[in-house]
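Reminder, nothing fancy here: chain letters follow the sequence lines and each chain counts from 1. Only a predicted model underlies this, so the values are computations on that prediction, with no experimental measurement involved.
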Amino acid sequence: MELVQEADYRFRIDPHGAMRVPGVVFASRALLPDAEKSLEQVANVATLPGIVGASYAMPDIHWGYGFPIGGVAATDVDEGGVVSPGGVGFDISCGVRLLAADTDRHSFRSALSAVMDGLDRAIPRGAGPGGVWHLTGPGQLERILRGGSRYAVEEGHGEERDLRRCEDGGAVADADVGEVSVRARQRGLGQVGSLGSANHFLEVQYVDEVHDERAAAAFGLALGQVCVMIHCGSRGLGHQICTDHVKAMDRAMSRYDITVPDRQLACTPVDSPEGRAYLGAMAAAANYGRANRQLLSDAARGVFRGAAGARLSLVYDVSHNLAKIETHTVAGARRTLCVHRKGATRAFPPGHPDLPDDLREAGQPVLIPGTMGTASYVLTGVPGGDAFHSTCHGAGRLLSRHQAARTVTGRDLRARLESEGIAVRPRSLRGLAEETPEAYKDVGEVVAASEGAGLCRRVARLVPLGVVKG
DNA sequence: ATGTCC
C-alpha cells in the first residue's frame, strides 16, 4: 500500500481499484509498524457506497473486523450512503467515563488500599454474567435500552448533573427495542453494571500534568487531583446485536446491488429496512453501554464515600464505537451524514451547539484510556480539524493476546506494577498478562500524533494509583 | 470486544 506524505502526521492513499475516495491516515511512520493489513482495510472502506471525503484512520489504527480499529467513515444519507455494523465494531458504545474526586493524591494516599479493596468487592468484572443490577423483569431491560444513563439516574443511581456531562445527555432517543433479538436480551439481562474483560478497566488515577489550564478548569480538573476512569461497553448484548445484523445485512446486500471487497464490510443503505433496523438496535446497545457506565460510577461513588469520605463529580462520558447521524458542512454544503467511529472518539470543538453551556468555551472533553500501568489523557476538540470532528481512542494493540501472555506472567506483572506503587485488583492473572503495557503502542505518542495532526489538543495527563481489571 | 465455535 503506497502512502503519500501530505504533512506531518498525515498520509494519503490515492484512490485505486474500487475506491470512491482517498484514504487519509493521521500518524507518523513510527506509529505504523506492520500496518499493511490495517491500511488495506482503510482502502476497502473507501469503496463503500455514499462515502464522503475520505476513509480516515487515527494514529492508533490497528487491524479489526472489516474496518480498521481507529477508523472514521461518513456516508451521505440522502445519496444512498450505507451503514455497516463492522464500522462500529462488536463492542457497540464501548467508551470512557471520567469522574473527578474532591481530594488530591496526598490527602488520598492513606485511603487508597481501603478504596481498592472496596472496589474489588463492588465492581463486577470478567467474562460471563454478573452485574451490580439484578433486573426485576424484562420490562426493566427495555427501560435501560430506551433510557440509558437517564433511566439509571431516574432510579436513584446518580445525579441529574451527570446527564449534562454525558454525550447525548446520557441516552439516544432512537433506540428500537424491537430490533434487539431475544438472544441479545438474554445475554444482556445479567450483565447490567459490569466491566467485562480484556482492555476494559476501572482505574483510580491522579492528574500528573496539566497542558491547558483553562480547559482543565472548565472540565473540573486540577494538578494532583484524584480521578476515576471507567472503560467498558455493552457486553454480550452489543456483541450479539452486531452478530445478528451483520448476518442480516450480508444476506440483504445483493438486493441493493452492493458489492464490497470483504464480507466483513456487510452494509445496506442507512435509508433501508435493514439499515434502520441496525441503527435502532445499535442505539439500544448505546444506551445499555451508558447505563452500564452510570451504574459502575454509582458503585464507585459508594466506595469512595465510605472508604475515603470523598465525592466524585462526572467530568464526561463519551463512546468511541458508534455510528451517528450528524450534520456536517462538506465543500460548503450542509449534509446529513452517517458517521462511523470505530476506535475513534468524537471531539466537538469549542462553540459547538451540542455542548452544554459550561463546556461551550473549552470544547468537548475527549477521554483516552491508556494501557494498564501507564498514562491516560484528557483532550479537547479543536476548530477546523478533519475527519468529522474525530480523534484517537487509545493506545492501539501491537501484540496479540497470546503473544502478550508469553512475554510475562500475570504474577510477575502484578509484582512489577505494585513495585511502581500501583495497586492491582485483577480478576484473572492470565487476563492481566494479556494486557501488559508492552503489548500496546505508547499512548503518549498516539496523543502527540493526534494533536500534531490538528485533530485535538491535550488538556491533562493522568497516571494510575490503582487498577481494577477483569 | 465476546457465554474467545451453534
Side-chain angles (χ1 to χ4, degrees), chain A residues 38 41 58 60-71 84-97 124-131 141 180-202 230-248 250-251 263-264 278 281-282 284-286 288-290 292-293 296 318-323 340-345 369 371-372 392-406 410 427-435 439-440 469-470:
Chain A
S38 52
Q41 293 187 317
M58 302 296 123
D60 46 340
I61 178 175
H62 56 287
W63 180 83
Y65 181 89
F67 289 58
I69 296 164
S84 174
V88 172
F90 277 85
D91 195 4
I92 297 168
S93 191
C94 181
V96 185
R97 173 178 285 229
R125 57 200 191 275
L141 181 66
V180 179
S181 67
V182 170
R183 183 184 276 187
R185 290 174 205 226
Q186 281 168 345
R187 291 180 68 174
L189 211 53
Q191 300 182 323
V192 182
S194 64
L195 272 184
S197 56
N199 67 347
H200 289 162
F201 65 73
L202 183 150
I230 298 170
H231 178 205
C232 64
S234 54
R235 303 295 327 275
L237 179 127
H239 192 277
Q240 190 63 46
I241 286 172
C242 183
T243 302
D244 293 340
H245 289 262
V246 164
K247 198 179 290 177
D250 187 58
R251 282 196 295 257
R263 277 183 81 172
Q264 296 183 353
Y278 171 67
M282 185 210 70
Y288 185 97
R290 282 123 184 237
N292 200 15
R293 292 191 286 275
L296 291 172
V318 65
S319 173
H320 45 237
N321 281 4
L322 274 185
H340 302 71
R341 296 187 182 89
K342 179 187 191 179
T345 315
T371 308
M372 177 178 60
C392 62
H393 89 302
R397 197 171 255 284
L398 283 172
L399 303 181
S400 71
R401 300 194 178 289
H402 186 72
Q403 286 172 312
R406 283 169 51 122
R427 173 79 180 271
S428 122
L429 285 172
R430 161 81 194 191
L432 195 72
E434 290 176 350
E435 293 301 313
Y440 288 86
K469 282 197 74 74

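For B/dG3, one of the phosphate oxygens OP1 or OP2 lies less than 4.0 angstrom from a side-chain nitrogen or oxygen of A/Gln191. OP1 or OP2 of B/dG3 has at least one side-chain nitrogen or oxygen of A/Arg235 nearer than 4.0 Å. Applying the 4.0 Å criterion to OP1 and OP2 of B/dT2, one finds that A/Thr243 has every side-chain N and O outside that range.
For A/Leu195 and B/dT2, the CG to P distance is 10 Å, given to the nearest whole Å. The distance from atom CZ of A/Arg427 to atom P of B/dG3 is 12 Å, rounded to the nearest whole Å. The distance between atom CZ of A/Arg183 and atom C1' of B/dC5, rounded to the nearest whole Å, is 11 Å. Rounded to an integer number of Å, the gap from CZ of A/Arg187 to C1' of B/dC6 is 12 Å. For the pair A/Gln240 CD and B/dG3 P, the computed distance is 9 Å after rounding to whole Å. When the C1' atom of B/dC5 is taken as reference, atom CZ of A/Phe90 falls 13 Å away, rounded to whole Å. Atom CD1 of A/Ile69 and atom P of B/dT2 are 13 Å apart (whole Å). When the C1' atom of B/dT2 is taken as reference, atom CD of A/Gln186 falls 16 Å away, rounded to whole Å.
The environment of CZ in A/Arg406 is sparse: at most 12 heavy-atom neighbours from other residues, nucleotides or ligands sit within 6.0 Å.
Looking at heavy-atom distances under 4.0 Å, A/Gly89 makes no contact with the nucleic acid at all. Counting any heavy atom pair closer than 4.0 Å across all strands shown, A/Arg401 reaches sugar-phosphate atoms only and no base atom. Residue A/Arg397 is out of contact with every strand shown, counting any heavy-atom pair closer than 4.0 Å.
Put simply, the side chain of A/Ser319 gets close to the backbone of A/Asn321: a donor and an acceptor are under 3.5 Å apart.
One finds the CD atom of A/Glu434 at 10.0 Å from the NZ atom of A/Lys469 (value rounded to the nearest 0.5 Å).
Comparing A/Lys247 and A/Ser197 against DNA chain B, the residue whose closest nucleotide sits nearer the 5' end is A/Ser197.
Tested against A/His393, the residues A/Lys342, A/Arg341, A/His320 include a single side chain to side chain contact (heavy atoms under 4.5 Å, CB included) partner, A/His320.
Between A/Gln264 and A/Gly66, the shortest heavy-atom contact is OE1-N, 2.8 Å.
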